[in-house]
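This one's a predicted model, so the numbers in the text were calculated from it and none came from an experiment. The chains referred to below are lettered A, B, ... by the order of the sequence lines, with proteins before strands, and numbering in each begins at 1.
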Amino acid sequence: MTTDQPQATPDRHFPHKDVEAKWQQIWRQKKASQTPVDPGADKYYVLEMFPYPSGRLHMGHCRVYSIGDAIARFMRMRGKNVLHPMGFDAFGLPAENAAIKHQVHPGDWTEQCITDMKDQFERMGFSLDWDREAVTCRPDYYRWNQYFFIKMLERGLAYKKAAAINWCGTCETVLANEQVEQGACWRCGNPVTTRNLEQWFYKITDYAEQLLNDLEKLTDWPESVKTMQRNWIGRSEGARAKFRLLPEGYVAGKNVPARSDSDKVIEIFTTRPDTLFGVTFMSLAPEHPLVDSLVRGTKYEAGAREFISAVAQEDRFLRTAEGREKEGFFTGRYAVNPVNNEAVPIYLANFVLMEYGTGAVMAVPAHDQRDFEFARKYDIPVKVVIAPEEETLDDETMTAAYTAPGLMVNSNEFDGLPSSDAKSAIVDRLKEQDLGGQTIQYKLRDWLVSRQRFWGTPIPIVYCEKCGAVPVPEDQLPVVLPRDVQFTGSGNPLLQSDEFINAPCPKCEGPGRRETDTMDTFMDSSWYFLRYCDPLNAEEPFSKKAADAWMPVDQYIGGIEHAILHLLYSRFFTKVLRDLGLVNIDEPFQRLLAQGMVTNTFVDKATGVLAVDENGRPKQAKMSKSLGNGVDPLEIIEQYGADTARLFILFAAPAEKELEWTDEGVNGCSKFLNRVWRLVQGTLDACEFAPEEAAALAPGNANDKELQYQVNRAIQRVGSEMGERHHFNTSIAAIMELANAISTYLSTSHEFERMTLGFSVRTLLLLLFPFAPHVTSELWEQAGFDGTIDEQKFPEFDPKALIKDEFEIVLQVNGKVRSKIVVSMNATKADIEAAALADEKVQSHLGGQEPKKIIVVPGKLVNVVG
RNA sequence: GCCGAAGUGGCGGAAUGGCAGACGCAGAGGACUCAAAAUCCUCCGCUCGCAAGGGUGUGUGGGUUCGAGUCCCACCUUCGGCACCA
């Protein structure tokens, strides 16, 4: 190189690649993120929902893990014993699809993806304890799924039954109710159909009441998530009532025959026992088990069967959609209303669900809109039994059901009672006569856990001709997935593996056949947070001691898409494990942060132009492959570095809100880190003199005092924003303000007070460290501060430095700001009041009037009321 | 329909009942430069005004209060969840 060539402008960007690589290696070597051996009273368990190992980190991942890592690093600085583990939710369909496409074993594909992703985690600088890694597709993990399955079976919480269940034709497997979103598969989005299959279920309904009530304890969960769970559990208070079935041959209008011992009973559930006297028919779900015996051999049989099969063929979600045309069929049979002994016709109705209540509904057209539409269509009488205060209802002319409260009419001895009082009175009467009583009904259904897929935990059951379904004994676990299988894309490969299928019956040792269904992957994620407490335990899923020491998770972070699914299952599982004596807690997650999604503008595929909203602004949509608007974290790391990416992610929006990705915003954060870099480089000599304690600072001149105020204020703010409120954006804003204050100090002071300046720079780095760990580590070292920054305690502010000698008081006249004055800290209320009244602008706005009242808020303002 | 959350500059967003718009982005002007980038300085809700200064302003309408973005009542809009669940 020759010297007379023009000098290139020095690169003003700090060398993020070198810095990040250097510190990542140092952290790895010294195992900087290792969990302390003894959690003690100062334990802090911070957990982010573990990822599916797709092989590539996306921005959504970066967001959750940046949030979690900032908390983990902050809590370590606060002296907490932090558990911050990571693992992989490694069973599931993508691996199986990859197996079909590339003819590799899903296990090999998954392990390669895990290796790749761990590398990407490291490049983001996340402080995770990989020694506690849990990978759900490995036998040392999934054997405990099998163990829990058997425990559930022993407690009667796992059972097999034939039921109409959700089937996804694309994924070729059944789905739990929670995995169906508006009639479509949660994973692939294709419509779900109904099939009648025999499947394994967990009795989550046994815990409905607890799952609902314990939501009250979760005071640090977002209201939205709790509401969703409440709605999903769907508790309704109501009544059961027994309708006596009349024998075949009863004709409407005849006297109702006397009760006989051979009478069958149809039980209904209602939330409106006050309307029992208004029942004019009964509706049964077409699948109701009694239907067959009602119509068999009658002239209604053929029609009924036709109706049932027509309904069955219909898409289940269409059929049950609101506003759907009501369809019904008269069975020819009658039942007797328990409160007034009237005979009412029994219909089949397409809108009655077998899964809810008893599958039989008393119909009150006058006071239920569905029944009303049905009655008008099939010409069934309408009978008003609740009279509104304002209007008079007429059976013949009313055009909609009246569903509000009112006074009871046509209800014998209950006439004149307010309907709200009649509810319990009627229920009491049903109970007295043993014809019903109060009851509670939930919408929650049992959790369907079997899946017709290969890449999941094998259900540890052997079917024996003699002994039936026999659980595999604990000492024979795990039942391991076979390696020698072909992935052809049709059917479950387990069905073709003789080695797997053929197994002796554990009971009689006769020939048996293994269950080929595997478990829902949500089973894996329902207890992984417990495995992290004791990840290497080969004797038990986890020791009680370790679980007691670490649980519950203090801070859990994840996407809102799991508001019901994973979060409900995990809560259920925790309660079951508690009842098994394995844990001491009722709820697994103390505090929950549901982070918002990452969005970006995108180019409309149809038009090829930037998609805009109705205001002409670029439209935002979730980053996704299909829209092609994803930003690759690796590219951002390459261009700006992980610190910039992390800072932007946490600064641009509150964690629970949507994050709009903007290149300008990322650039802004990059500029800030470069500014900090230059700022520290320019103050290295002052750093030598930095004390460790704020209290050690000498008073100094006005500029020094102002900087001391600012630095202490920043410590206070970041401490409370991070420690109590977990507000990352305002924490970073406070750090930026400190950087601004230092810059102001440098440009306005003629003489620097080196201790104050050094302390401010030192503090700036400490406060910034949880967000941008690499660059702060490097600068800490360059400044020559003791040790490494990740070993430092979070600074403490000096309360004395926050008290100013004099402060500004806002002067209001009639609540409007009119002036400002500076008063001494020692000024009394009377002094301030006098000063306020002496103020020219206050006087002019008073316009010569005598003030009626003067309010003095010490340290803040004076309001003069004229 | 039911339940929940939220409405603040051009944008993302701040504000224990006490100066609305912190922090940042975008924008305007200036400095440095042959020039650009980078960097630094200044301005930046709307409106009237040359200015000093005034008016107005947190979805809408009321209310409580000396004082309301914040509390209360009613309504509107957006987003999210559930939805023929008897």
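One finds no salt bridge joining Lys841(A) and Asp839(A) here, because no Lys/Arg side-chain nitrogen approaches an Asp/Glu carboxylate oxygen to under 4.0 Å. Of the charged side-chain nitrogens involved, none lies within less than 4.0 Å of a carboxylate oxygen, so that Lys622(A) and Glu658(A) do not count as a salt-bridged pair. Salt-bridge formation is detected for the pair Arg230(A)/Glu223(A): a Lys NZ or Arg NE/NH1/NH2 atom is positioned less than 4.0 Å from an Asp or Glu carboxylate oxygen. Under the 4.0 Å criterion applied to side-chain N and carboxylate O atoms, Glu209(A) and Arg235(A) are assigned as salt-bridge partners. By the 4.0 Å N-to-carboxylate-O rule, Lys804(A) lies close enough to Glu706(A) to be salt-bridged with it.
Going from atom CG of Asp446(A) over to atom CD1 of Ile204(A) covers 8.0 Å, rounded to the nearest 0.5 Å.
What separates CD1 of Ile854(A) from P of rG67(B) is a distance of 15 Å, to the nearest Å. At whole-Å resolution of the value, CG in Asp663(A) and C1' in rC25(B) are 12 Å apart. Following rounding to the nearest Å, Phe672(A) (CZ) and rA38(B) (P) show an atom-to-atom distance of 18 Å. If you take CG of Leu568(A) and P of rC82(B), they are 13 Å apart, rounded to a whole angstrom. Rounding to whole angstrom units, CG of residue Leu276(A) and C1' of rA86(B) are separated by 12 Å. Rounded to an integer number of Å, the gap from Glu664(A) CD to rC25(B) P is 11 Å. One can place CZ of Phe243(A) at 16 Å from P of rA86(B), the figure rounded to the nearest angstrom.
Between the side chains of Arg713(A) and Gln716(A), at least one donor N or O lies within less than 3.5 Å of an accepting N or O. If you check the side chains of Tyr745(A) and Gln710(A), you find no donor sitting under 3.5 Å from an acceptor. Judged by distance alone, the side chains of Glu721(A) and Ser731(A) never bring a donor and an acceptor atom under 3.5 Å apart.
In this structure, Lys816(A) and Thr270(A) both approach RNA chain B, and ranking their closest nucleotides by distance from the 5' end singles out Lys816(A). Judged by closest nucleotide on RNA chain B, Val225(A) is the one of Val225(A) and Gly815(A) placed further toward the 5' end.
Across every strand in view, rA51(B) sits unpaired, with no contact that passes the Watson-Crick or G-U test at under 3.5 angstrom. When both distances must be under 3.5 Å, the Watson-Crick or G-U wobble mate of rC2(B) is rG81(B). Under the Watson-Crick and G-U wobble criteria, each requiring two contacts below 3.5 Å, nucleotide rA28(B) is paired to rU42(B). Checking rG67(B) for Watson-Crick or G-U wobble geometry (two distances, each under 3.5 Å) identifies no partner in any strand.
His845(A) comes within contact range of the sugar-phosphate backbone alone, with a heavy-atom separation under 4.0 Å but no base atom that close. Counting any heavy atom pair closer than 4.0 Å across all strands shown, Glu724(A) reaches no nucleic acid atom. Residue contacts for Asp371(A): at a heavy-atom cut-off of 4.0 Å it reaches no nucleic acid atom on any strand shown. Residue Val364(A) is classed as having no contact, given no heavy-atom separation below 4.0 Å to the nucleic acid. Note on Lys820(A): a base of the nucleic acid sits closer than 4.0 angstrom, heavy atoms only. When heavy atoms are screened at a 4.0 angstrom cut-off, Gln369(A) is found touching no nucleic acid atom at all. At the heavy-atom level, Gly357(A) lies nowhere under 4.0 Å from the strands shown. Counting any heavy atom pair closer than 4.0 Å across all strands shown, Val810(A) reaches a base atom. If you check every strand for non-hydrogen atoms under 4.0 Å, Val857(A) touches a base. Gln441(A) comes within 4.0 angstrom of nothing in the nucleic acid, heavy atoms only.
Between rU70(B) and rC19(B), the two C1' atoms lie 15 Å apart (nearest whole Å). Comparing the C1' positions of rA36(B) and rC43(B) gives an interatomic distance of 24 Å, to the nearest angstrom. A gap of 23 Å separates the P atoms of rG61(B) and rG12(B), to the nearest Å. Separation of the C1' atoms belonging to rC23(B) and rC44(B) is 15 Å when rounded to the nearest angstrom. As rounded to the nearest Å, rC71(B) and rG7(B) have P atoms that lie 11 Å from one another.
For Lys443(A), counting side-chain heavy atoms from C-beta on, the closest listed nucleotide (rC66(B), rC23(B), rC85(B)) is rC85(B). Listed nucleotides: rC19(B), rC84(B), rG24(B). Nearest to the side chain of Gln812(A): rC19(B). Which of rU39(B), rG18(B), rA86(B) sits closest to the side chain of Leu861(A) comes down to rG18(B). Residue Val817(A) places its side chain closer to rA20(B) than to any other of rG18(B), rA20(B), rA83(B). For Thr271(A), taking side-chain heavy atoms from C-beta onward, the closest of the listed nucleotides rC40(B), rA22(B), rA86(B) is rA86(B). The side chain of Arg370(A) approaches rC85(B) more closely than any other nucleotide in the set rG81(B), rC85(B), rA26(B).
Between Tyr356(A) and rA86(B) there is a side-chain polar atom (N or O) within less than 4.0 angstrom of OP1 or OP2. In this model, the phosphate group of rC19(B) is not approached by any side-chain N or O of Arg818(A) to a distance below 4.0 Å at OP1 or OP2. Between Ser236(A) and rA86(B) there is a side-chain N or O to OP1 or OP2 distance below 4.0 Å. For rG24(B), the OP1/OP2 oxygens have a side-chain nitrogen or oxygen of Asn740(A) closer than 4.0 Å.
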Listing time: all N or O pairs from protein to nucleotides 13-17 of chain B that are below 3.5 Å?
from    : atom 1 : to        : atom 2 : distance (Å)
rG13(B) : O3'    : Asn729(A) : ND2    : 3.4
rA14(B) : OP1    : Asn729(A) : ND2    : 3.4
rA15(B) : OP1    : Arg725(A) : NH2    : 2.7
rU16(B) : O4     : Lys860(A) : NZ     : 3.3

Give every pair of a protein N or O atom and an N or O atom of nucleotides 69-80 of chain B that lie under 3.5 Å apart, one pair per line with the distance.
none

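The shortest non-hydrogen separation linking Ile564(A) to Met228(A) is CD1-O, 4.0 Å.
For Phe648(A) and Tyr640(A), the ring centers are positioned 6.0 Å apart or more.
Glycosidic torsion of rG9(B) falls within 90° of 0, placing the base in syn.
Checked by distance alone, Arg230(A) brings no side-chain donor or acceptor within 3.5 Å of a matching partner on the base of rC2(B).
Cation-pi geometry between Lys326(A) and Phe351(A) is met: under 6.0 angstrom from the ring centre, within 45 degrees of the axis.
Around the CD atom of Glu840(A), the shell of radius 6.0 Å holds no more than 12 heavy atoms that belong to other residues, nucleotides or ligands.
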